[in-house]
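Structure first, commentary second.
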Amino acid sequence: MNYISERTTTFVIPRKKLEKLRNKKPTKEYMREKEALKKARCKDSEFGEYVYNITSL
Amino acid sequence: MAKQILIVDLKREYLDKCSLFDCGNPYINGFLNSTNALNPDICHTYLLIGIEDQNDMRNNNFEIIGFFSLTTDVVTTLERENVVFSGGAIRIKMFAIDNKYKKKKINVSGEQITYASVQLKICLDIIESISNKHIGATYIVLNSTEEGKNLYLNKGAFEILDEDDDYKVATIEEDTDCFPMYRQIRDEDYY
């Protein structure tokens, strides 16, 4: 599945939009998934920092 | 059935696995199999892989679920008609999931999450870690396709740079759709 466009963009963002970002609160679903991944993280794996225990459905 | 998922840096020795990766887009598949994905002048590429146990990794017995490539960028803003620096950015240059894992969910600590959302959260985590430990940066930017737009909005807390906003777009290929998106690197106030 392709999620990234092949175009290249130079980002010029209005200041008010950048200021709005500072007050943005992530959704509960976003935070729930983030927490779940944090809990699933496997510490002391020989394959590095980003190893997670999961169950296939 | 994968019991663990992990992130590994793309290495030359994994190229035989890369040739089996199919996200449905020849351009992205081609990128993963090209020297560009391995070229540190262009980007750094991470693979999301699934394994049953750690021997799988030792024996090179794994499948690529998805991958993403990161590079640097910059966000500017307009002040009195001058373009001025606003903050350093990390660009998600590539982000793709193999068709086999598209829309499939896994159980992560009791939550059912799609592979795409899992990969995106890990990608954001890595970006935050890079910014905290190695290079200071404020923003994440990317150019989404139509099909990827909702993933970044709903699962990544990104904003779309609207067409009526004052931004400049330089295109490589005219016929591709493009939604420039951005967000702050950190979810919470760092200080």
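Residue numbers start from 1 in every chain, and the chains themselves are labelled A, B, ... in the order their sequence lines are given, proteins ahead of strands. Just so you know, these numbers use all the heavy atoms, side chains as well, and skip hydrogens, waters and symmetry mates.
A salt bridge does not link B:Glu159 with A:Lys17: every distance from a Lys NZ or Arg NE/NH1/NH2 to an Asp or Glu carboxylate oxygen is 4.0 Å or more. Salt-bridge annotation for A:Lys34 and B:Asp187: present, with a side-chain N of the basic residue lying under 4.0 Å from a carboxylate O of the acidic one.
Going from atom OH of A:Tyr52 over to atom CG of B:Leu48 covers 9.5 Å, rounded to the nearest 0.5 Å. Taken to the nearest 0.5 Å, the NZ atom of A:Lys20 stands 12.5 Å off from the CD atom of B:Gln184.
Options B:Asn29, B:Ile49, B:Leu151 differ in how many heavy-atom pairs under 4.5 Å they form with chain A, and the most are formed by B:Leu151. Contact count versus chain A (heavy atoms, under 4.5 Å) is highest, among B:Val74, B:Val118, B:Leu124, B:Ile106, for B:Ile106. Of the listed residues (B:Ala157, B:Gly110, B:Ala89), the greatest number of heavy-atom pairs within a distance under 4.5 Å of chain A belongs to B:Ala157. By number of non-hydrogen pairs under 4.5 angstrom with chain A, the leading residue of B:Ser109, B:Ala116, B:Ser117, B:Gly87 is B:Ser109. Options B:Val84, B:Asp125, B:Asn154 differ in how many heavy-atom pairs under 4.5 Å they form with chain A, and the most are formed by B:Asp125.
Of the two parts of B:Ile126, the backbone and the side chain both hold a non-hydrogen atom closer than 4.5 Å to a non-hydrogen atom of chain A. Within the 4.5 angstrom heavy-atom criterion, only side-chain atoms of B:Glu79, from C-beta onward, approach chain A. Of the atoms belonging to B:Ser144, heavy atoms from both backbone and side chain fall under 4.5 Å from chain A. Looking at A:Glu33, both its backbone and its side chain come within 4.5 Å of chain B, counting heavy atoms on both sides. Within the 4.5 angstrom heavy-atom criterion, only side-chain atoms of B:Tyr139, from C-beta onward, approach chain A. Using a 4.5 Å cut-off between heavy atoms, A:Arg41 touches chain B through its side chain atoms alone. Neither the backbone nor the side chain of B:Phe68 comes within contact range of chain A; no heavy atom of the residue lies under 4.5 Å from a heavy atom of that chain.
Looking only at distances, a side-chain donor or acceptor of B:Thr76 sits under 3.5 Å from a matching main-chain atom of A:Phe11.
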Quiz item: Checking salt bridge (Lys or Arg N to Asp or Glu O under 4.0 Å) for the pair A:Glu49/B:Lys133: CA distance, chi angles, key distance, verdict?
Solution: CA-CA 14 Å; A:Glu49 238 185 299; B:Lys133 292 178 191 168; 3.7 Å; yes
